[in-house]
Amino acid sequence: MAASLTMQCGGQATHARAPRAPRPQAAVPQTGWLPPALHTPGVVAALQASRAACDGTGAGARHCMAAPERRHRHAGRCAAGSVVQGSIFADGDRPGASYLDFIEGQECADIGVIVSSGGSADGANLPTHIDTDALLLASSESHLPEGECVPGVDPEVAPPLLVPCVAWPQVWTADEARRAESEWMYELSPGHIEELEAATEHLVSSGRAVVEGNYVRLAEGVTAEDFPLPSLGVLLGRVQSDVVHGRGFALLRGLPVERWSRLTSVLTAYGIGLHWGSLRPQNKHAHLVGHVKDTGVDPLHKNPDTRIYLTRAAQPWHVDSVDLVGLMCLKPAKEGGMSSWASSIAAYNRMLSTHPHLAQLLCEPIWHLDRKGEVPEGKKPHFMIPIVNRQDDHLSVYLNDSYYQLAQRHADVPRMTEEQKEALQTFVDLVSSDELRYDYWLQPGDLQLLNNHSIVHTRTAFTDDEDPNEKRHLLRIWVSPPPPNARLLPEAYADQYGSVTPGNRGGIRVEGAKDCIPLEAE
């Protein structure tokens, strides 16, 4: 089987230079300049095989090499300033040789149309070197057209670090999200509302949901069949598919929460969640529907274990510890409380292009996070998961700014290096940028759904109305979709997620807590 290493070059001014004179044969790079994550026997063998095939050819300008079966992805794609992609291949059937089809020509900025030409077994027409700049593993564009997904590092060659699968639609900018609002905003119809109201009534009348004080207690084994949505269920399936496999976010609008009782609202959030997957507990109390509201707890923010969703403080950029998070707005704030989200994959692509050495740090097992006192049985009060994780062709980002810093209170957690802090801040700056950050003011009746593996989100600080009935109030659900509607996750997620099994992962499970739904914030 061929071993491959995908590279990307061009686009950035630092890469798009005029063609250079051929480099002397002696200047063929050794392997010492490879990033540590790629210094593996497979990569080294691929480079050596390619170098051996290049010996004595006399060619010297930069080329991006590509296997024949991938050539169609490149033809005509490299207009001025865009991306050239290719792969170095070691052919196991022909030891010492490499695939001889390659993309030839000039620097990316100078190419109008890529021309593919075949080489021969004796190495004719092959370049004499592989440029180190061309192996920065950096993308200069945010995405490829839909359906064109070129993997980064082949798992046969290198560890699952660096280079995401750069593909539309999970990679997007704020402008692209605004232009496509009609594709991801869904206005619910009167018929949909009637189905929701009938389903909540059925859940209560059947005894599957029972109110006990401030809690809704659920019967064992409640499923989507207990919350029938004949028409809306079809739409919810499309929404889930788009969020899991597509751009990573969606918004339902038009829930009449202002005329609904609190019981109807929380059961609606719960019931919709059932159609998306398994609902997971969100805190040490095992809330399946949480209340995002300033409860007045820790107003001076002195307790490091306080979850920020219970305060009016700004939320740093983060993901939630589950596949999908849904937020239903009951009341907006008097001032502030703006929601923002961004494509974490787009941010990583930018970082690969501008700061590849820092992007590599995001992939390494050096990122320790605090559990804020919500510690599962047998676990430490902190956990480790890289910020950027790769499983098969999927890239997943786990970011929780402020939790890294908070974990430093534990003596057994390694101290963050200055380079780590720079890498974290660089990533946060990218998702905060006007280019990538999409801002939205949630309104009563909105239900936002985000994919935590490809989206990071945040919230500004807010001021509430003096009337306690007018306080900002959101309902939150954490959802784990079942197979086949869930991506695979690497084992690095198991410590925090409890499992990486689709449909049964994510959430916070503390010993003794039983699943419940509170009617009011606590």
Side-chain angles (χ1 to χ4, degrees), residues 8-16 77-83 85 108-109 136-146 148-150 152 162-185 242-243 246-251 314-319 338-363 387-388 395-401 422-442 448 450-460:
Q8 298 173 326
C9 66
Q12 296 295 324
T14 54
H15 299 169
R77 284 289 316 279
C78 194
S82 65
V83 178
Q85 297 177 317
C108 297
L136 284 176
L137 307 172
S139 171
S140 61
E141 287 186 335
S142 65
H143 65 266
L144 300 177
E146 184 172 2
E148 293 203 21
C149 179
V150 181
L162 297 174
V163 189
C165 181
V166 187
W168 178 257
Q170 70 181 3
V171 178
W172 48 268
T173 65
D175 280 344
E176 289 168 339
R178 281 187 285 269
R179 290 196 299 268
E181 285 180 351
S182 63
E183 299 175 13
W184 57 266
M185 287 187 180
D242 191 34
V243 171
R247 60 174 51 86
F249 63 95
L251 188 78
Q315 278 267 20
W317 285 97
H318 69 286
V319 300
M338 181 179 69
S339 296
S340 301
W341 60 93
S343 166
S344 52
I345 314 301
Y348 180 60
N349 289 344
R350 291 288 194 274
M351 198 161 168
L352 278 171
S353 180
T354 59
H355 299 81
H357 62 297
L358 296 179
Q360 179 178 319
L361 286 181
L362 301 183
C363 307
I387 292 177
V388 176
L395 193 77
S396 297
V397 172
Y398 191 100
L399 177 79
N400 215 323
D401 194 15
E422 182 184 3
L424 178 60
Q425 189 59 53
T426 299
F427 190 84
V428 169
D429 288 345
L430 284 167
V431 295
S432 303
S433 67
D434 291 341
E435 180 188 10
L436 298 185
R437 188 195 74 253
Y438 180 85
D439 299 329
Y440 185 80
W441 294 93
L442 289 171
Q448 171 200 73
L450 304 177
N451 184 337
N452 284 304
H453 305 310
S454 61
I455 302 290
V456 290
H457 59 284
T458 186
R459 179 201 76 198
T460 62

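Only heavy atoms go into these numbers, but all of them, side chains included; no hydrogens, no water, no symmetry mates.
- No option in F249, W184, Y438 other than F249 meets the ring pair (Phe, Tyr, Trp, His ring centres under 6.0 Å) test with W172.
- Under the rule for a side-chain hydrogen bond (donor to acceptor under 3.5 Å, both in side chains), N400 has no partner lying at least two apart in sequence or in another chain.
- Paired with Y440 under the rule side-chain contact (heavy atoms from CB on, under 4.5 Å), one option of Q448, M185, E181 passes, and it is M185.
- Under the rule for a side chain to side chain contact (heavy atoms under 4.5 Å, CB included), the partners of D429 that lie at least two apart in sequence or sit in another chain are Q425.
- Scanning for ring-ring contact (aromatic ring centres under 6.0 Å, His included) contacts around H355 gives an empty result, with sequence neighbours left out.
- From Y398, atom OH reaches atom OG of S396 across 12.0 Å, with rounding to the nearest 0.5 Å.
- Shortest non-hydrogen contact noted between A342 and R437 is CB-CA, 4.3 Å.
- Atom-to-atom distance recorded for Q315:CD and H457:NE2 is 7.0 Å, nearest 0.5 angstrom.
- Of all heavy-atom pairs between F427 and A347, the closest is CE1-CB, 3.8 Å.
- Scanning all heavy atoms of the two residues, the minimum distance from V319 to V397 falls at CG1-O, 3.9 Å.
- In this structure, CZ on R350 lies 8.0 Å from OG on S353, to the nearest 0.5 angstrom.
- In plain terms, the two heavy atoms of G248 and I455 that are nearest each other are O-CG1, 3.3 Å.
- One distance of note links OG1 of T173 with CG of D434; it measures 11.5 Å at 0.5 Å rounding.
- Rounded to the nearest 0.5 angstrom, L361 CG and I387 CD1 are separated by 9.0 Å.
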**Message:** Show, in sequence, the C-alpha distance, side-chain angles and deciding distance for D242 and R247, and conclude whether the side chain to side chain contact (heavy atoms under 4.5 Å, CB included) test is met.
**Reply:** CA-CA 6 Å; D242 191 34; R247 60 174 51 86; 3.3 Å; yes
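- Residues that satisfy the side chain to side chain contact (heavy atoms under 4.5 Å, CB included) test with T460, not counting sequence neighbours, are M338.
- In this structure E422 satisfies the side chain to side chain contact (heavy atoms under 4.5 Å, CB included) test together with L358, T426, sequence neighbours excluded.
- When all heavy atoms are compared, the tightest approach of M351 to L362 is SD-CD1, 3.6 Å.
- The heavy-atom pair separating L436 from L430 by the smallest distance is CD1-O, 3.5 Å.
- Residues passing the side chain to side chain contact (heavy atoms under 4.5 Å, CB included) test with T458, sequence neighbours excluded: W317, S340.
- Taken from CG in N451 to OG in S344, the straight-line distance is 8.5 Å, to the nearest 0.5 Å.
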